[in-house]
Amino acid sequence: MGRRRFGRHTVDTSREEKTLFPEADLTKGDLIDYFTRVFGSMKPHLADRPLSLRRYPDGIRSEGFFQKQVPDYFPSWIRSTRVRKEGGHQDLVIADRQATLAYLANQACITLHGWLSRADRPDHPDQLVIDLDPAGRDFGAVRQAALRCRTLFEELAVPSFVKSSGSRGLHVTVPLDRRATFDEARSFAQRFAGVLAARFPKELTTEQRKQKRAGRIYLDVGRNAYGQTVVVPYSTRARPGAPVAVPLRWDEVASRRLSPRRYTVRNLFRRLAQIEDPWQGFARSRILIRAAQRRLERLEDST
DNA sequence: TATTACC
DNA sequence: GGTAATAAGCTTCCA
DNA sequence: TGGAAG
């Protein structure tokens, strides 16, 4: 048993020597260190956001399991929020303290999935996400697809931000002012993806069926819905090498040197020391969907 | 990882 | 006392 | 209506 103090809160740790990432030779203690150290950078992305946890007490080679409902045994100082679900409700963790992240790491929680809305208005997303997943391992095509998204958003006067998921793809994210509901956000995202796929039919598709995608990049907008989540920036992923999800600058996406798992628990802090937060302007760039929707309709009419 | 159910 | 089971859910598409 | 998919 170890013990770590974070101001008013104390986290008891267990089995810190247990290996969670065998390829990277990282232990549970290393994961606790990582989350403790990265908390400052993660914090704005975690604020008031309900989470789903994915835990791997036996390491990343095991299946792990999702956890949403906060169990009784979590300490009472861990914040949670009650959300409705089909036939009832559920209390989800909000990780707004360094101590909470450390506690979750000790629970072998490797990946944090965050809602696209915040606890006070769970039906009103504060971000819209287009998830770009490659058919094979052609990351160049994913980079290209992300840049295509950016270009079309620019035509609509919509700011967009990009992060690597730390797994295979990229997420293009638009900050929203929360006046729209999930339904409005999703239908806008669907039309946006439709226009983009029509422009580049050989590269991009909105086909949900794998069979019909024919090697094209799938523009997945399905996450723009109540109760859906995306990986939180700087969360670790349960992959060999301990990659992390990382906010990127657009010029990095234009570079062939970018790879989907370039940043890891081992090398992230070098990056954080060198560059400014690529998502610095995120909160100040929040947009009203309806305005973008009107511009998209005009663009649809003229083509 | 931690708890509960069950033998 | 030991051992196994359990810890998620929303939307869309299509058979 | 149910399962796959993400």
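Throughout, a chain's letter reflects where its sequence line sits, starting with A, and its residues are numbered from 1. Excluded from the calculations below are hydrogen atoms, water molecules and symmetry mates; all remaining heavy atoms, backbone and side chain alike, are included. Remember, predicted model here, so these are calculated numbers, not experimental data.
Nucleic acid contact for A/Arg54: none, since no nucleic acid atom lies under 4.0 Å from a heavy atom of the residue. No engagement by A/Asp72 is indicated, since no non-hydrogen atom pair under 4.0 Å with the nucleic acid exists. Nucleic acid contact class of A/Gln107 (heavy atoms, under 4.0 Å, all strands): sugar-phosphate only. Using a 4.0 Å heavy-atom distance criterion, A/Lys68 is classed as a base contact. If you check every strand for non-hydrogen atoms under 4.0 Å, A/Ser14 touches sugar and phosphate atoms only. If you check every strand for non-hydrogen atoms under 4.0 Å, A/Tyr226 touches sugar and phosphate atoms only.
Checked options A/Tyr263, A/Phe269, A/Phe21; the residue passing with A/Tyr34 is A/Phe269 (criterion: ring pair (Phe, Tyr, Trp, His ring centres under 6.0 Å)).
Rounded to whole Å, atom P of B/dT1 lies 9 Å from atom CZ of A/Arg55. The separation between A/Leu20 atom CG and B/dT1 atom P is 8 Å, rounded to whole Å. One interatomic measurement links the two molecules: CG of A/Asp220 to C1' of C/dT12, which rounds to 11 Å at whole-angstrom precision. The distance between atom CG of A/Asn224 and atom C1' of D/dG6, rounded to the nearest whole Å, is 13 Å. The separation between A/Leu128 atom CG and C/dT11 atom P is 16 Å, rounded to whole Å. Taking atom CD of residue A/Gln190 and atom P of nucleotide D/dG6, one finds them 17 Å apart after rounding to whole Å. Residue A/Tyr218 contributes atom OH, which lies 12 Å from atom C1' of D/dA4 at whole-angstrom precision. The distance between atom CZ of A/Arg15 and atom C1' of B/dT1, rounded to the nearest whole Å, is 9 Å.
In A/Arg191, the CZ atom is crowded: over 12 heavy atoms of neighbouring residues, nucleotides or ligands sit closer than 6.0 Å.
Only the C1' atoms considered, C/dG9 is 15 Å distant from D/dG3, to the nearest whole Å. Rounded to whole Å, the separation between the P atoms of D/dA5 and C/dA8 comes to 23 Å.
Between A/Cys109 and A/Arg55 there is a side-chain heavy-atom pair separated by less than 4.5 Å.
Look at A/Arg186 and you'll find a side-chain N or O under 4.0 angstrom from OP1 or OP2 of C/dT12.
Aromatic rings from A/Tyr103 and A/His9 are positioned such that their centres are separated by 6.0 Å or more.
Ion pairing between a basic and an acidic side chain is recognised when a charged N comes within 4.0 Å of a carboxylate O; A/Arg290 and A/Glu297 show no such pairing. No salt bridge links A/Glu23 with A/Arg261; every basic N to acidic carboxylate O contact stays at or beyond 4.0 Å.
The side chain of A/Tyr73 approaches B/dT1 more closely than any other nucleotide in the set B/dT1, C/dC14, D/dG6. Nearest to the side-chain atoms of A/Gln90 among the listed nucleotides B/dA2, C/dA8, C/dC10 stands C/dA8. Closest approach to the A/Gln228 side chain among C/dC14, C/dT12, C/dC10 is made by C/dC10 (side chain taken as heavy atoms from C-beta onward).
Between A/Gln208 and A/Gly227, it is A/Gly227 whose nearest contact on DNA chain C lies nearer the 5' terminus.
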